Amino acid sequence: MEAKPHSPKIDHLSASQLTLYLQCSLKYRFQYLDNLPKPFRPAGLAFGSVIHSSLDWFHKQKVNGNGVTLDVLLKVFDADWFSQCVEAEVRFKDKDTGPALIEMGRQMLTQYFRAYQEMPVGAEIPFTVPLIEPVTGEVLGPNLEGRLDLAERDAVVEFKTSAQTLNAQDLKDSLQLTCYGYAYRMLFQKEPKIFRVVDFVKTKTPKMVMLQATRGERDYRKLFYVAKEVLHGIESKVFYPNPSFKCKDCEYEEPCLTWLGNEKSRQPGKKGGSHETDRYL
Ligand code: SF4
């Protein structure tokens with residue numbers, strides 16, 4: 001693949017960007033710097049987006065004091081799923097099918113609708129906050145940007161869809177939840193008392209699991225240093241493939257297969273040079 005110019009100038013970072021860089025820095029480059037077109041949308045990603053958008057609609061109706069019926073919520077879900085399928089080719093894997101995912105989503109939202117008794121403060125709240133080391137006061141430069149899935153008076157809430165129920169380590173490792181906690185305290189000038197994760201588990205009989213986690217200063221310091229190292233990696237143009245089970249869903253298989261690394265060090269006759277297509281997967 002020809003080298004494509006890309007700017008290492010980063011004006012903001014998000015939880016998704018940090019997570020993607022840590023999972024596969026090459027995919028980060030394809031997606032956020034090279035802006036390569038995506039030939040398809042993995043069904044799991046499309047499904048997660050539709051669950052999020054349906055819940056966003058539901059919570060906003062509650063914030064605005066509008067009565068919501070389950071029937072209307074499910075209609076919103078159906079319509080959002082339809083628009084996902086129109087906007088891009090949705091690629092299914094394993095035993096997933098469109099009708100099966102629609103049924104699963106409807107069951108999950110029904111469980112949530114019946115269980116949710118809180119009063120939200122806001123849903124999908126956009127934030128742009130400076131990344132500051134809590135102890136030293138060092139400011140990173142790029143802001144942290146994103147959207148809080150849901151905020152309540154004393155709680156910050158993250159929604160997840162997963163193949164199996166998240167365990168304690170998953171909760172501890174969630175960079176997204178750390179970013180939410182950090183943003184919540186910057187936005188509302190107080191610590192959230194509750195960190196709730198609502199896990200929609202795509203088991204044969206779909207289920208919804210309410211989990212709780214904690215976050216504190218040590219986590220926010222770690223977030224700062226992870227962001228700092230990721231930024232350094234991006235600005236130093238450190239991008240390489242990191243094959244894993246996630247490659248099954250990767251939209252960039254083709255450019256990844258033809259990736260040749262730092263083109264300057266791969267000229268013919270130079271050490272590490274190659275005209276052959278490298279296959280990594
Ligand atoms: S196919 Fe795998 S290794 Fe290649 S860019 Fe995608 S996630 Fe990374």
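Note that ligands are numbered from 1 as they come in the structure, with each ligand's atoms numbered from 1 the same way. Every value quoted in this text rests on a predicted model; they were computed, and no experiment measured them. In what follows, residues are counted from 1 in the order of the sequence shown.
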Metal check, atom 8 (Fe) of ligand 1 vs Cys24 N/O/S, cut-off below 2.8 Å: yes
Could you tell me which atoms of ligand 1, counted from 1 in the order shown, lie closer than 4.0 angstrom to a heavy atom of Pro243?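 Near Pro243, the atoms of ligand 1 are 3 (S).
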Considering only heavy atoms of Cys256, which atoms of ligand 1 have at least one such atom less than 4.0 Å away? 1 (S), 3 (S), 4 (Fe), 5 (S)
Between the side chains of Gln107 and Glu103, does any donor sit under 3.5 Å from an acceptor? yes
Winner among Ser244, Cys247, Pro241, Cys250 once heavy atoms are compared against atom 6 (Fe) of ligand 1: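 Considering heavy atoms of Ser244, Cys247, Pro241, Cys250, the nearest to atom 6 (Fe) of ligand 1 sits in Cys250.
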Could you give all pairs that pass the ring-ring contact (aromatic ring centres under 6.0 Å, His included) test and reach residues 119-155, with sequence neighbours left out?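 Every pair satisfying ring-ring contact (aromatic ring centres under 6.0 Å, His included) with a residue in residues 119-155: there are none.
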All side-chain hydrogen bond (donor to acceptor under 3.5 Å, both in side chains) counterparts of Ser49, not counting sequence neighbours: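 Ser49 satisfies side-chain hydrogen bond (donor to acceptor under 3.5 Å, both in side chains) with Arg41 once adjacent residues are dropped.
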Taking the inter-plane angle between the rings of His59 and Phe159 on a 0 to 90° scale, is it parallel (under 30°), tilted (30 to 60°) or perpendicular (over 60°)? parallel
